[in-house]
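Below, chain A is the first sequence line, B the second, and so on; all start at residue 1.
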Number of protein chains: 2
Amino acid sequence: MHHGKALTTLKETGYRLTPQRLMVLETIAGARGHVTAEEIGTQVRRTYPYIDIATIYRTLHLLKRLHLVTEIDPGGSSAQYELAGDGRHHHLICEGCGKTIDLPLAYLDNLHQSLRREFEFEADLDHFALRGRCSQCLAARTGTPRKDRNAWKRL
Amino acid sequence: MHHGKALTTLKETGYRLTPQRLMVLETIAGARGHVTAEEIGTQVRRTYPYIDIATIYRTLHLLKRLHLVTEIDPGGSSAQYELAGDGRHHHLICEGCGKTIDLPLAYLDNLHQSLRREFEFEADLDHFALRGRCSQCLAARTGTPRKDRNAWKRL
DNA sequence: GTCCTTGTTGCGACTCTTTGCAAATCATTC
DNA sequence: GAATGATTTGCAAAGAGTCGCAACAAGGAC
């Protein structure tokens, strides 16, 4: 997981490689896994205390638009960012227990192609999150005893 | 598009049908098409000035959880809500021009079933939004003249 | 009706994210 | 290297949505 490619892409597309952007990129690359904007801020401020959270968000948007980082919105807390590397995948997010299941990228290829074919629509299916219920949470809901009529509300 | 069913569902599931909830529901039902939380607030406050925006959000979450209303998150502005009626569909949202294309519900049936089969995951594909580029915006990007190196940035 | 439990509301404070703007920075052209 | 114009940043403020909590209903048991 390196960010060399990202630097090149930035320059090549005419955006400036500013110290701030470099630091944000390095932080994302340095972290294994996901980071939030605030975490990036804390890390970057260790060497450059003046960086503003707005700059970080703007940088993240830019990097996302260039498909250099991907964003995961867990819904309910801050968004997570990670370097768009090789191990890319979609997410199945269980609304019951919060667990996320990785879905191979290729899984949505069919959909992608039929949208292109039938609607001439180029969907951006880079890093997709599908919400629902995992098998365990589904099982927990079947056979709700008559006793506790409100059990289902809790999920 | 009536909300009678919604009232029954609320009562039947053990939730209380409060005046506030009723007013929110009536506003959504009364509006043709989508409404934002703030619009609901403005409308409801005409007859009951004390309703709080938090109550509206809480009611909307509840109704969404009961599949009585659907939420569309246009990303970049406030979420839109509408009564879950018969003409349900998914959305293709163009990030270039903002246009939305309606996608038949059945379109994601395959995906839905293979997720169930292969991952035992019951995806909530009630009202789905896919981001990407429509044909026009795609066309606008091809053949960018060398003249304006920054043209692509604007999309 | 009174008591009790549970659900719901309004308020205020808070979080996360975006936006407007003036100042600073950088690439280009002369 | 100074002038010019486009980008980018930091700051402050706003937007959108959420949360904790005390006060307020509403339904059931007695």
Taking only side-chain nitrogens and oxygens of [X], does any of them come within less than 4.0 Å of OP1 or OP2 of [N]?
| X | N | value |
| --- | --- | --- |
| Gln20(A) | dT25(C) | no |
| His61(B) | dG17(D) | no |
| Thr18(A) | dT8(D) | no |
| Thr55(A) | dG10(D) | yes |

Point to revise | Terminal axis angle for the helix from dG1(C)-dC30(D) to dC30(C)-dG1(D), five pairs an end, nearest 10 degrees | key: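 Between the first-five-pair axis and the last-five-pair axis there is 20°.
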Atom [atom1] in [X], atom [atom2] in [Y]: separation rounded to 0.5 Å?
| X | Y | atom1 | atom2 | result |
| --- | --- | --- | --- | --- |
| Ile56(A) | His61(A) | CD1 | NE2 | 12.0 Å |
| Asp73(A) | Ile93(A) | CG | CD1 | 8.0 Å |
| Leu25(A) | Leu63(A) | CG | CG | 5.5 Å |
| Asp102(A) | His90(A) | CG | NE2 | 10.5 Å |

What is the distance, rounded to the nearest whole Å, between atom [atom1] of [X] and atom [atom2] of [N]?
| X | N | atom1 | atom2 | answer |
| --- | --- | --- | --- | --- |
| Leu62(B) | dT9(C) | CG | C1' | 14 Å |
| Ile40(B) | dT9(C) | CD1 | P | 14 Å |
| Tyr48(A) | dA24(C) | OH | C1' | 10 Å |
| Arg58(A) | dT19(C) | CZ | P | 10 Å |
| Leu60(B) | dG17(D) | CG | C1' | 11 Å |
| Asp73(B) | dT18(D) | CG | P | 11 Å |
| Lys64(B) | dG17(D) | NZ | C1' | 12 Å |
| Leu22(B) | dA25(D) | CG | P | 17 Å |

Classify the nucleic acid contact of [X] as base, sugar-phosphate or nothing, counting any heavy atom under 4.0 Å across all strands shown.
| X | result |
| --- | --- |
| Ala79(B) | sugar-phosphate |
| Tyr50(B) | sugar-phosphate |
| Ile53(B) | nothing |
| Arg21(A) | sugar-phosphate |

Check your understanding: Can you tell which of Leu22(A), Ile28(A), Thr27(A) makes a side-chain contact (heavy atoms from CB on, under 4.5 Å) with Val24(A)?
Key ->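 For Val24(A), the side-chain contact (heavy atoms from CB on, under 4.5 Å) test succeeds with only one of Leu22(A), Ile28(A), Thr27(A), which is Ile28(A).
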**Study point:** Base of dT7(D) paired with side chain of Arg16(A) (donor-acceptor, under 3.5 Å)
**Key:**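 Yes.
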Practice item. Kindly point out which of dA27(C), dT18(C), dG10(D) is positioned nearest to the side chain of Tyr57(A)? Key: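 The closest nucleotide is dT18(C).
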**Study point:** Position toward the 5' end of DNA chain D (nearest nucleotide), Tyr81(B) or Pro19(B)
**Key:**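 Its nearest nucleotide lies further toward 5', so the answer is Tyr81(B).
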Check your understanding: Is Tyr48(B) atom OH crowded by more than 12 heavy atoms from other residues, nucleotides or ligands, each under 6.0 Å away?
Key ->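 Atom OH in Tyr48(B) is crowded, with more than 12 foreign heavy atoms closer than 6.0 Å.
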Check your understanding: Quick check: does any side chain N or O of Tyr81(B) sit under 3.5 Å from a backbone N or O of Lys64(B), one acting as donor and the other as acceptor?
Key ->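 Not at all, since once roles are kept as given, no pair shorter than 3.5 Å links the two residues.
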Check your understanding: Between Leu66(A) and Tyr15(A), is a side-chain contact (heavy atoms from CB on, under 4.5 Å) present by the stated rule, with each step listed?
Key -> CA-CA 11 Å; Leu66(A) 298 178; Tyr15(A) 288 104; 4.2 Å; yes
